[in-house]
Asks: 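Below you'll find the structure I mean.
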Amino acid sequence: MLSGKNLLLIISGGIAAYKVLEVIRRLRDRGMMIRAVLTEGGAQFVTPLSVAALTENRVYQDLFSLTDEAEMGHIRLSREADLVLVAPASADLIARMASGMANDLATTALLATNKPVLIAPAMNVEMWNHAATRANIATLESRGVMRIGPASGDLACGEFGSGRLSEPADIIAAVTDFFTARTAAKPLAGKRAIVTSGPTHEPIDPVRYIANRSSGKQGHAIAVALAAAGAEVTLISGPVALPDPSGMAVRHVETAREMMVAVQDSLPADIAVCAAAVADWRVASSAGQKLKKDESGQMPDLRFAENPDILAALGAPGPNRPALVIGFAAETENLLAHARAKLVRKGCDWILANDVTAESGTFGGDHNQIHLIRQDRPQDDDVWPRQDKKAVADHLVAQIIAHFAGTKP
Ligand code: PMT
């Protein structure tokens, strides 16, 4: 599986860098060709000589080296690989990747590459749990960067928790899995998918709007997972802070009515997944000028109108109905009963019921707890474990693949 494959290995600073020497040795044993970039931090922990000896290749360290550029420019270095592995990926390198910096050879190659990237983070547990690192990881994953670890256990700093570099055997398994999955036929190749994601903003006046707490994390993760399975994806996103995922068409909308138009424009499709938190109502006639507070103490008279229901329109019978229409039911009470009613009312094939009470943290958070209810056996809800939104997306796409293959996942 690995023989003849090209790996660009980026080694950043961290005590765990020594484990990477073992990774190199075992990947070379399997016939992989490895070029290594050693960051300044990485070179504090392993020597260029040991990396060169094990990779049987020269080691690249300097962005501005004339010899390196003449032999192999940093663009070629990043493009000739089949996979880019960053191990260990320090908190600093992860932050620089997330913000798109290119201030050394490693980050320049990572910014210039159009190849898949797998990171193996390693750092102190508090650094790993820090909100900044969580946000950086979420950003990278939303761009399709893959991750192995970190593992949990004793850390070199004397503390205990998540932050250990994954064991060499696990990193090698992740690299092997990547090539195995890539060579397997893309199970959704030839299928078109529409995914709605994020909130809608419904204007009150030119400066105010009605919105909700949806971040788009769940919908975007589903779009990424569908694209990874080979589907041709159109992601229709409300206003979110996430970057556009690569490998798909992305349409940006603000309001429910704009989302409806974008969805209709994107038909026909085989699969539709409505993960967006679409406002049910809009202000019937939003003001052309900013509403002014005057001395009368009178409140503005806001009247509401119902927004079009995008999921119900997709689920309605007709020549353009996608073969598989999937909705979410975001509920704060009577989860399953309300979800079953929504499944029928909106004509969808599957509904993913999720508890969105404030305590669940689902809206805007990183996790989701799903009950999958199918139209052909509505009493038989399939309870998924509470998992992060990428895992939910992968789980859903596995079910979609099985549905089209006529097998059980
Ligand atoms: O974006 P995140 O922060 O990651 O959070 C994810 C999520 C909680 C938003 C997502 O998991 C989710 O539950 N999305 C649906 C939210 C919602 O609006 O649910 P609902 O029960 O109000 O609507 C039911 C279904 O109808 C949904 O599929 C919704 O997309 C769809 N709908 C609703 C109203 C409308 N006018 N048009 C629609 O298509």
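All ligand and atom numbering here is 1-based and tracks the order in the structure. All values derive from a computational prediction rather than experimental measurement.
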Asks: Can you figure out which of Thr362, Val273, Ile370 has its heavy atom closest to atom 8 (C) of ligand 1?
Replies: Thr362
Asks: How far is atom 5 (O) of ligand 1 from its nearest protein heavy atom, and which residue and atom is that?
Replies: Lys389 NZ, 3.4 Å
Asks: Starting from atom 37 (N) of ligand 1, find the nearest protein heavy-atom neighbour and note its residue, name and distance.
Replies: Ile310 N, 3.1 Å
Asks: Within the structure, does Phe363 bring an N/O atom to less than 3.5 angstrom of an N/O atom in ligand 1?
Replies: no
Asks: Please confirm whether Val356 comes within less than 3.5 Å of ligand 1 when only nitrogen or oxygen atoms on both sides are compared.
Replies: no
Asks: Please report the interatomic distance CD1(Ile326) to CD(Gln399), rounded to the nearest 0.5 Å.
Replies: 9.5 Å
Asks: When you check the side-chain N and O atoms of Asp355 and Gln369, is any donor under 3.5 Å from an acceptor?
Replies: no
Asks: Thinking salt bridges, do Asp366 and Lys389 make one under a 4.0 Å N-O criterion?
Replies: no
Asks: Return yes when atom CZ of Arg257 has more than 12 non-hydrogen atoms of other residues, nucleotides or ligands closer than 6.0 Å, and no otherwise.
Replies: no
Asks: Parallel under 30°, tilted from 30 to 60°, perpendicular over 60°: which one fits the rings of His395 and Trp384?
Replies: parallel
Asks: What is the closest protein heavy atom to atom 21 (O) of ligand 1, and at what distance does it sit?
Replies: Lys342 NZ, 2.4 Å
Asks: Evaluate Gly327 for polar contact with ligand 1, using N/O atom pairs at a separation under 3.5 Å.
Replies: no
Asks: Number the atoms of ligand 1 from 1 as they appear, then name those within less than 4.0 Å of a heavy atom of Gly216, with their elements.
Replies: 1 (O), 2 (P), 3 (O)
Asks: If you count the atoms of ligand 1 from 1 in the order shown, which ones are under 4.0 Å from a heavy atom of Asp280?
Replies: 34 (C)
Asks: If we ignore hydrogens and angles and just use 3.5 Å, is the side chain of Thr332 paired with the main-chain N or O of Thr357 as donor and acceptor?
Replies: no
Asks: Which ligand 1 atoms does Leu311 reach within 4.0 Å, using its non-hydrogen atoms?
Replies: 25 (C), 26 (O), 28 (O), 31 (C), 38 (C), 39 (O)
Asks: Quick check: does Asn307 get an N/O under 3.5 Å from an N/O on ligand 1?
Replies: no
Asks: May I ask you to list the atoms of ligand 1 that are less than 4.0 angstrom from any heavy atom of Asn368?
Replies: 11 (O)
Asks: Answer yes or no: is there an ion pair linking Asp154 with Arg164, defined by an N-O contact shorter than 4.0 Å?
Replies: no
Asks: Quick check on contacts: which atoms of ligand 1 are under 4.0 angstrom from a heavy atom of Cys274?
Replies: 27 (C), 28 (O), 30 (O)
Asks: Give me each pair satisfying salt bridge (charged side-chain N to carboxylate O under 4.0 Å, His left out) with a member in residues 108-120, each pair once, sequence neighbours excluded.
Replies: none
Asks: Please confirm whether Phe328 comes within less than 3.5 Å of ligand 1 when only nitrogen or oxygen atoms on both sides are compared.
Replies: yes
Asks: If we only count N/O pairs under 3.5 Å, is Gln218 in contact with ligand 1?
Replies: yes
Asks: Going by atom types alone, do Thr47 and Ser50 pair a side-chain donor with an acceptor below 3.5 Å?
Replies: yes
Asks: As an exercise, identify every atom of ligand 1 less than 4.0 angstrom from a heavy atom of Asn354.
Replies: 8 (C), 11 (O), 13 (O)
Asks: Give me the nearest non-hydrogen protein atom to atom 30 (O) of ligand 1 as residue plus atom name, then the distance to 0.1 Å.
Replies: Ala276 O, 2.6 Å
Asks: Quick check on contacts: which atoms of ligand 1 are under 4.0 angstrom from a heavy atom of Ala275?
Replies: 9 (C), 10 (C), 12 (C), 14 (N), 15 (C)
Asks: Quick check on Lys19: does its NZ atom have over 12 non-hydrogen neighbours (other residues, nucleotides or ligands) under 6.0 Å away?
Replies: yes
Asks: Considering only NZ, NE, NH1 and NH2 on the basic side and carboxylate oxygens on the acidic side, decide whether Asp104 and Arg96 come within less than 4.0 Å.
Replies: yes
Asks: For ligand 1, is there an atom lying under 4.0 Å from some heavy atom of Pro308?
Replies: yes
Asks: At a 4.0 Å threshold, what atoms of ligand 1 neighbour a non-hydrogen atom of Ala329?
Replies: 21 (O)
Asks: Is it true that Asp380 and Arg374 make a salt bridge, defined as a side-chain N closer than 4.0 Å to a carboxylate O?
Replies: no
Asks: Would you say Lys346 has any N or O atom under 3.5 Å from an N or O of ligand 1, going by distance alone?
Replies: yes
Asks: Hey, are Ser142 and His220 close enough side-chain-wise for a donor-acceptor pair under 3.5 Å?
Replies: no
Asks: Looking only at protein heavy atoms, identify the closest one to atom 1 (O) of ligand 1 and say how far it is in Å.
Replies: Ser214 OG, 2.6 Å
